[in-house]
Amino acid sequence: MTGPRAVVLVGGGQASAVAARTLRRRGYDGAVVVVADEPHRPYQRPPLSKEYLTAGDSSALELLPQAWCADNAVEVRTGVRALKVSSADGCVVLDDGSSVRADAVLLATGARARRRPGLGADRADDDGVYYLRSRTDADRLRPRLAPGGRVVIIGGGFIGGEVACAALARGSAVTVLEAGPVPLARAVGPRLGAACARLQWAAGVDLRVDTAVQGVRRDGGRLLVVTSRGEVEADAVVAGVGAVPNTELAADSGIEVDGGVLVDDRCRTSQDRVFAAGDVASQPSPGAGGRIRVEHFDNASRQAAVAARNILGEAVTYDEPHWFWSDQFGHNLQHIGHAAAGDRMVVRGSLDGDAWTAFFIGGSAGGDRMTAAFALDGGDDIAVARELISMKVTLADDILADPGADLFAAIEELA
Amino acid sequence: MTQWHEVAKLRDLELRKRTAVTVGDTTIALFSIKGVVYALADTCVHEQRQLSKGAVLFGKVVCPGHQWKFDPATGEAEGQGQCQPVYPVRVDEDGTISVSLSRAGAMR
């Protein structure tokens with residue numbers, strides 16, 4: 001079997017960048033074309049809600065620098081949208097009327113911010129309500145996070161926390177409106193959500209829980225967020241209420257879609273020689289107990305590397321614990337794996353303290369095994385959890401809970 | 001001709017198995033893994049974190065900031081399509097560790 005001679009990577013984010021780099025590092029010497037619909041060259045998104053939002057420093061954003069692309073013969077086409085992928089015709093059709101030859105395609109079209117009805121922000125002009133997904137979004141929002149300004153954030157999730165942190169750093173007064181009893185309850189459970197709430201309050205955020213947003217009202221020049229507990233006046237409103245996968249290209253190409261582009265454990269879609277990776281891909285995950293679409297940088301990287309290798313004719317699968325991080329209020333938060341309801345939690349350190357790790361342990365017929373971990377400034381512990389989750393084992397609860405115990409030594413003894 | 005720079009002694013790596021050293025403007029993380037000394041650029045290729053503050057697990061260097069896992073010999077970041085610069089290391093009989101800034105030892 002001969003390998004591909006023309007690979008098209010659709011999307012201008014992390015997954016396309018990793019795929020391009022992986023293809024070249026694995027010795028593939030055919031054509032590589034990246035098709036990005038944004039006006040920017042491929043960039044990474046994590047800094048958009050962190051240092052890029054705070055300071056506008058774009059130096060760390062670029063994923064495929066021009067010099068690297070020139071050296072590696074990777075063509076990047078920006079500001080153009082892919083309309084249809086056809087492996088039968090061997091091409092990707094673009095919205096400028098042209099088409100690009102392709103005998104393998106990676107769909108890495110990502111996701112867009114979920115729009116919350118009733119907020120406005122549907123007009124192109126600035127009306128004070130913002131979403132944050134793209135570099136352009138961050139550039140529009142940054143000047144509104146001004147000293148003395150009142151910033152109201154809808155949603156107490158990770159993006160909400162990071163935007164709150166950036167707004168505080170820029171001198172704004174920040175209110176976060178969370179519909180649930182604690183932020184992040186769905187992601188990490190009530191006790192850890194409460195610990196995250198304490199971080200926000202300690203930093204000076206006016207976090208209001210059990211506060212459902214009903215809409216945004218404009219009264220003259222005033223912007224009022226209407227909630228179940230009254231109105232909150234704002235100079236800028238930021239909604240961080242999730243994301244929606246960009247599945248249109250796949251659907252229009254006759255590729256199976258169901259809450260994401262459906263792929264198998266090798267990142268293959270239902271169409272021959274078309275792969276998908278990153279936020280748009282929905283993949284079976286034994287660790288998560290079923291099909292899952294993951295909106296994290298690390299998952300995009302790993303899926304894209306797997307997809308690229310399979311494009312080149314390898315047969316590699318992806319089943320690694322899902323991992324993400326958030327930087328907020330001077331702390332680094334990291335989460336790995338998937339806890340099931342009923343898993344027990346073992347805490348290393350004190351949840352009232354400045355650094356802690358919560359390990360989740362599930363019982364099964366084969367014995368206890370670690371399923372997930374969430375840490376505040378505990379990246380080392382997350383590295384340990386990654387190994388334990390992958391090994392489908394755990395350590396004794398009293399060792400995990402003992403901050404003096406060397407978990408790296410304990411885990412190497414297991415192997 | 002490779003230029004070697006004496007940067008540490010083996011005993012500096014005995015206890016914690018890792019340390020940071022500098023040669024000119026370059027900060028290098030040294031790791032002792034199963035009796036072999038490896039040298040990698042200290043600043044993580046992904047973000048400005050120090051690898052010398054990372055951990056060693058099953059022969060790989062783990063950067064705790066973002067959990068990237070590096071092969072200490074090649075610098076390859078597992079599943080990331082990127083490489084941490086690595087440097088040639090020489091250990092003399094008296095335990096003196098020297099590194100070279102030449103990239104001759106880098107695989108890619």
Side-chain angles (χ1 to χ4, degrees), chain A residues 14-15 17-27 44 46-47 50-51 59-60 63-64 68 297-306 308-309 316 318 320-321 323-325 327 332 334-336 375 377-388 390-391 406-409 411-412 414-415, chain B residues 13-20 25 29-36 38 40-86 103 105-108:
Chain A
Q14 177 70 5
V18 168
R21 291 195 294 250
T22 304
L23 288 170
R24 286 302 183 225
R25 285 169 51 95
R26 296 253 155 198
Q44 59 166 330
K50 305 179 180 76
E51 52 269 33
S59 60
L63 287 171
L64 296 174
W68 184 91
F297 176 90
D298 182 62
N299 176 69
S301 309
R302 291 170 188 276
Q303 278 182 335
V306 165
R309 292 174 60 181
V316 291
Y318 173 76
E320 291 190 65
W323 172 84
F324 66 89
W325 86 97
D327 295 318
N332 174 248
Q334 295 188 25
H335 186 281
I336 189 157
D377 291 326
D380 290 17
D381 294 344
I382 296 294
V384 167
R386 178 193 291 281
E387 296 302 325
L388 291 170
S390 298
M391 293 162 72
D406 183 341
L407 298 184
F408 287 99
I411 201 173
E412 292 206 318
L414 280 180
Chain B
L13 292 172
E14 254 168 38
L15 193 62
R16 294 184 64 241
K17 308 292 184 194
R18 60 190 188 189
T19 192
D25 296 333
L30 296 181
F31 290 90
S32 171
I33 303 173
K34 293 184 167 60
V36 180
Y38 300 93
L40 298 91
D42 193 31
T43 305
C44 178
V45 71
H46 170 215
E47 290 226 334
Q48 308 287 308
R49 310 272 175 161
Q50 281 179 273
L51 276 197
S52 56
K53 292 188 174 161
V56 174
L57 200 54
F58 299 126
K60 297 289 177 72
V61 174
V62 184
C63 179
H66 298 99
Q67 301 291 334
W68 283 30
K69 212 184 269 183
F70 298 94
D71 184 314
T74 65
E76 187 163 359
E78 203 174 279
Q80 305 290 353
Q82 273 177 274
C83 246
Q84 185 77 0
V86 294
R103 294 292 185 79
M107 300 294 286
R108 296 179 182 90

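Just so it is clear, the model here is predicted, and its values are computed rather than measured. Throughout, protein chains are lettered first and strands after them, A, B, ... in sequence-line order, and every chain is numbered starting at 1.
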Does [X] reach the main-chain N or O of [Y] with its side chain, forming a donor-acceptor pair under 3.5 Å?
X: B/Q84; Y: B/T43; value: yes
X: A/N332; Y: A/D377; value: no
X: B/D71; Y: B/E76; value: no

Query - Residue pairs involving residues 53-62 of chain B (criterion salt bridge (Lys or Arg N to Asp or Glu O under 4.0 Å); sequence neighbours excluded) - result: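 Checked against salt bridge (Lys or Arg N to Asp or Glu O under 4.0 Å) - neighbours excluded - the pairs reaching residues 53-62 of chain B are B/K60-B/E78.
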Checking [X] against chain B: side chain, backbone, both or neither under 4.5 Å from a heavy atom?
X: A/E412; value: both
X: A/D327; value: side chain
X: A/A383; value: both
X: A/I411; value: both
X: A/D380; value: both

(request) List the atom of A/L63, the atom of A/R21, and the distance in Å for their closest heavy-atom pair. (result)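 In terms of heavy atoms, the two residues are closest at O-NH1, 3.2 Å.
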Set of side-chain contact (heavy atoms from CB on, under 4.5 Å) partners for A/V316, sequence neighbours left out: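 By the side-chain contact (heavy atoms from CB on, under 4.5 Å) rule, A/V316 matches A/V306, A/R309, A/N310, A/E314.
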* Take the angle between the ring planes of A/W325 and A/F297 and call it parallel below 30°, perpendicular above 60°, tilted in between. =>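 It falls in the perpendicular class, over 60°.
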Only counting residues at least two apart or in another chain, list the ones meeting side-chain hydrogen bond (donor to acceptor under 3.5 Å, both in side chains) with A/E51.
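If we apply the side-chain hydrogen bond (donor to acceptor under 3.5 Å, both in side chains) test to A/E51, skipping adjacent residues, there are no hits.
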How would you list, in number order, the residues of residues 298-305 of chain A that have a heavy atom less than 4.5 Å from chain B?
->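 Residues in range: A/D298, A/S301, A/R302, A/A305.
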Check your understanding: Counting heavy-atom pairs under 4.5 Å to chain B, which of A/W323, A/Y318, A/F324, A/F408 comes out on top?
Key ->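 Heavy-atom pairs under 4.5 Å are most numerous for A/W323.
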Practice prompt. Taking the side chain as every heavy atom from C-beta outward, state whether A/L388 and A/L414 have any atom pair closer than 4.5 Å.
Written response: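 Side chain of A/L388 against side chain of A/L414, heavy atoms only: contact under 4.5 Å found.
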